[in-house]
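We count residues from 1, following the sequence as given.
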Amino acid sequence: QALAAPEQALAAPEQALAAPEQALAVPPLPSAEQNYVAAVEAQNKADLMTAMNLFQLAADAGHAAAQASYAAILHRGQALEEAFKYYERSAIQGDKDGQYGLGTLYFAGEGVPQSFTEAHKWFSQAAMQGHIFAANFMVDIYLSSRMGLSTTEQQNPAALRWIKQAAGNNYLPALDALADAHRFGQFGMPVDTDQADEIAARAVKIRGNALPSVKKRSALYRFLKGDD
């Protein structure tokens with residue numbers, strides 16, 4: 001037993017050498033998805049600085065939803081060229097929020113030369129994925145005459161798709177247009193006054209229940225129509 005003690009003493013340095021290796025072990029960095037989830041949580045807690053930093057980390061790692069969220073923050077802060085860069089990366093990956101955001105920049109000519117063609121392209125892609133505001137924009141585009149659409153193009157049956165989709169979201173201009181389409185046989189639809197009356201009554205009910213700020217048509221629609 002006395003002889004065993006030196007062997008134990010000799011083993012101690014080896015254990016001591018292992019300790020620094022354990023101390024140097026570094027936990028893995030959060031993934032892009034983990035940073036995105038943490039950013040959303042921070043945003044929900046109104047910790048906007050933390051949210052912004054985490055969104056950027058995830059965005060720079062290629063996370064499409066984070067790119068759209070970070071671009072929206074940049075957009076609100078008027079960092080328009082940077083916002084365009086991140087919206088575009090997100091949109092190309094198929095994120096509907098990124099597509100919608102990119103469409104708004106092209107529509108307004110913010111951070112990029114104005115292009116109604118590109119705006120239409122990205123709004124339509126976002127709307128096809130169920131983006132509510134993008135579908136509303138598509139309706140506004142077809143109901144107006146200030147984006148270069150001819151009367152024939154405005155009455156194209158393809159417009160009916162967006163009108164029906166936005167009407168399903170209770171978007172009032174879409175409900176009005178759908179009622180008129182049934183009443184007057186627009187967009188290639190047969191005349192159906194009963195259906196028109198039903199939709200019109202639904203619009204009246206929504207207007208009656210809406211707050212005053214919601215009763216007005218969208219700002220985009222008023223712009224397109226040339227209203228003040």
Side-chain angles (χ1 to χ4, degrees), residues 26-142 144 146-148 158-159 161-162 165-166 168-171 173-174 214 218-221 223-224:
V26 178
L29 293 174
S31 67
E33 177 65 18
Q34 288 171 326
N35 279 330
Y36 173 72
V37 171
V40 172
E41 291 175 353
Q43 189 176 52
N44 291 338
K45 295 176 182 176
D47 185 356
L48 301 184
M49 186 58 67
T50 298
M52 181 175 178
N53 291 335
L54 290 170
F55 277 136
Q56 184 178 12
L57 282 173
D60 288 341
H63 194 286
Q67 289 167 344
S69 296
Y70 185 56
I73 294 172
L74 295 170
H75 193 172
R76 287 193 294 271
Q78 294 298 300
L80 300 175
E81 292 184 1
E82 280 294 293
F84 172 81
K85 180 172 70 176
Y86 282 96
Y87 274 142
E88 185 176 46
R89 291 175 182 175
S90 176
I92 290 172
Q93 291 194 71
D95 184 87
K96 63 183 179 181
D97 291 322
Q99 291 167 344
Y100 171 74
L102 188 58
T104 63
L105 292 186
Y106 272 118
F107 174 80
E110 295 180 333
V112 67
Q114 187 178 54
S115 172
F116 290 154
T117 300
E118 285 294 313
H120 183 282
K121 168 187 170 181
W122 292 111
F123 284 144
S124 63
Q125 289 192 30
M128 283 190 286
Q129 295 196 72
H131 196 287
I132 292 175
F133 295 127
N136 294 351
F137 265 67
M138 292 301 296
V139 170
D140 291 340
I141 288 170
Y142 277 103
S144 72
R146 292 182 63 181
M147 279 189 68
R161 169 183 182 170
W162 308 119
Q165 182 174 334
N169 299 327
N170 290 333
Y171 185 51
V214 180
S218 73
L220 172 64
Y221 182 84
F223 168 79
L224 290 170

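No side-chain donor-acceptor contact under 3.5 Å links Glu118 to the backbone of Pro113. No donor-acceptor pair under 3.5 Å is formed between the side chain of Glu82 and the backbone N or O of Leu74.
How far CG of Leu48 is from CD1 of Ile73: 7.5 Å, rounded to the nearest 0.5 Å. Separating the CG atom in Leu102 from the CG atom in Asp95 is a distance of 11.5 Å, to the nearest 0.5 Å. Rounding to the nearest 0.5 angstrom, the gap separating the CD atom in Gln165 from the CG atom in Asn136 is 9.0 Å. Rounded to the nearest 0.5 angstrom, Leu57 CG and Asn35 CG are separated by 5.0 Å. The line from CD of Gln114 to CZ of Phe107 is 7.0 Å long, rounded to the nearest 0.5 Å.
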Counting only pairs under 3.5 Å, give me each side-chain donor-acceptor contact of residues 38-47, with atom names and distances, residues two or more places apart or in other chains.
{"unit_1": "Asn44", "atom_1": "ND2", "unit_2": "Val40", "atom_2": "O", "d": "3.3"}
{"unit_1": "Asp47", "atom_1": "OD1", "unit_2": "Thr50", "atom_2": "N", "d": "3.4"}
{"unit_1": "Asp47", "atom_1": "OD1", "unit_2": "Thr50", "atom_2": "OG1", "d": "3.1"}
{"unit_1": "Asp47", "atom_1": "OD2", "unit_2": "Thr50", "atom_2": "OG1", "d": "2.8"}

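Between Leu54 and Tyr36 there is no side-chain heavy-atom pair separated by less than 4.5 Å. Contact check for Phe133 versus Lys96: no side-chain heavy atoms found under the 4.5 Å cut-off. Annotation: side chain of Asp60 is in contact with side chain of Gln56 (closest heavy-atom distance under 4.5 Å). In this structure the side chain of Gln125 reaches within 4.5 angstrom of the side chain of Trp122, judged on heavy atoms. In this structure, Tyr171 and Asp140 have side chains that are in contact, with non-hydrogen atoms separated by less than 4.5 Å. When side chains are defined from C-beta on, Met128 counts as touching Arg161, because their heavy atoms get closer than 4.5 Å.
Tested against Tyr87 for a side chain to side chain contact (heavy atoms under 4.5 Å, CB included), the candidates Val112, Asp97, Leu105 yield a single pass: Leu105. For the side-chain hydrogen bond (donor to acceptor under 3.5 Å, both in side chains) criterion with Gln93, the lone passing option out of Gln67, Glu88, Gln99, His63 is Gln67.
Shown here is Phe84, whose CZ atom has more than 12 heavy atoms of other residues, nucleotides or ligands within 6.0 Å. Gln129 CD: more than 12 foreign heavy atoms inside a 6.0 Å radius. At most 12 heavy atoms of other shown residues, nucleotides or ligands fall within 6.0 angstrom of atom CD1 in Ile132.
Residues forming a ring-ring contact (aromatic ring centres under 6.0 Å, His included) with Tyr86 (at least two apart in sequence, or on another chain): Tyr70.
Contact record, Gly98 with Ser90: CA-OG, 3.5 Å, taken as the closest heavy-atom pair. Smallest separation of non-hydrogen atoms from Gln34 and Leu29: OE1-O, 4.5 Å. Nearest heavy atoms, Ala58 versus Ala32: CB-O, 3.4 Å. When all heavy atoms are compared, the tightest approach of Ala59 to Ala66 is N-CB, 3.7 Å. Here the shortest heavy-atom pairing between Phe123 and Ala134 reads O-CB, 3.5 Å.
Between Phe137 and Tyr100, a ring centre-to-centre spacing shorter than 6.0 Å is recorded.
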